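Start at 1 and go down the list; that is how both ligands and their atoms are numbered. What you see is a predicted model; the values in this text were computed from it and never measured.
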Amino acid sequence: MKITWYGHSAVMVDDGVKILIDPFIEGNPLSPVKASDLHPDIILVTHGHGDHLGNAIEIAKENNVSIVAIYELAEYLSSKGVNAIGMNFSGSFEFKGKTITMVYALHSAGISMDNFDHSGGLPCGFVIRGTRTVYHAGDTGIFGDMKLIGELYRPEISLLPIGGFFTMGIREAALAAKMLGSKIVIPIHYNTFDAIRQDPEMLKKELKGVSEVVILKPGQTGEF
Ligand code: NI
Ligand code: MN
């Protein structure tokens with residue numbers, strides 16, 4: 001399984017099937033690629049904030065692929081002419097041999113497009129079960145039910161926000177990794193903007209002997 005990070009929360013999980021998550025590409029100061037460079041088989045969006053919904057609509061239309069999101073956000077996406085699959089917490093969606101499960105996230109979720117006209121439902125994370133099990137936490141504060149996510153799905157790889165201010169910081173992400181029981185942690189949602197400056201090496205220190213922290217450079221692919 002290959003995981004490519006484009007900066008912020010934008011990630012491509014390639015497990016034979018290309019799953020693109022939170023494609024905030026244009027306007028993302030870290031992204032070394034253009035939205036038109038990305039050709040996923042499916043797109044997952046954790047919530048409607050502009051730094052997550054990002055270029056999902058155009059990429060979906062350009063490649064004629066679906067977007068998976070929480071029900072209310074999916075309705076909004078459908079109104080924009082996208083084939084959107086609306087689901088909800090603990091629900092799973094089978095896609096080309098991979099199981100995509102929607103899990104809870106502790107955050108806000110208004111759709112920050114069209115002048116905040118849309119509630120956007122609730123924010124979520126995703127667990128993808130393929131050759132490995134990966135958890136993308138989306139934007140979230142820490143919450144105790146991460147222990148449940150660990151117990152139920154045993155994510156070997158967790159993509160966790162560490163930038164603080166809008167999400168977990170280092171301290172919270174370290175405890176989250178322990179609750180999840182993930183052997184590999186990939187930090188996301190940091191150093192995109194001044195408000196979320198963070199040194200990912202600090203997470204490495206915090207998790208020494210517990211989890212391997214894989215720090216990807218924007219555009220870099222890790223093989224797992
Ligand atoms: Ni957000
Ligand atoms: Mn965000």
Begin from the C-alpha positions of His52 and His189 and carry the test ring pair (Phe, Tyr, Trp, His ring centres under 6.0 Å) through to its verdict. CA-CA 10 Å; His52 295 261; His189 210 272; 5.3 Å; yes
Worked verdict on Tyr190 versus Trp5 for ring pair (Phe, Tyr, Trp, His ring centres under 6.0 Å): CA-CA 12 Å; Tyr190 68 99; Trp5 182 56; 5.5 Å; yes
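Within the 2.8 Å limit, His52 places at least one N, O or S atom next to the Mn ion (ligand 2). Taking 2.8 Å as the criterion, His52 does not count as a coordinating residue of the Ni ion (ligand 1), since none of its N, O or S atoms falls below it. Among the atoms of His107, no N, O or S atom falls under 2.8 Å of the Mn ion (ligand 2).
When the Mn ion (ligand 2) is compared with the N/O/S atoms of Asp139, atom OD2 turns out nearest. The minimum distance between the Ni ion (ligand 1) and any N, O or S atom of His49 involves atom ND1. Closest to the Mn ion (ligand 2) among the N, O or S atoms of Asp51 is OD2. Among heteroatoms of the N, O or S kind in Asp139, OD2 lies nearest the Ni ion (ligand 1). Distances from the Ni ion (ligand 1) to each N, O or S atom of His47 single out NE2 as the nearest.
Across every non-hydrogen atom of Pro218 and Leu30, the tightest pair is CB-O, 3.2 Å.
The ring of His8 has its center closer than 6.0 angstrom to the ring center of Phe193.
Residues Thr167 and Asp139 bring no donor and acceptor atom of their side chains to less than 3.5 Å of each other.
The backbone N or O of Lys2 sits nowhere less than 3.5 Å from a side-chain atom of Thr221 that would complete a donor-acceptor pair.
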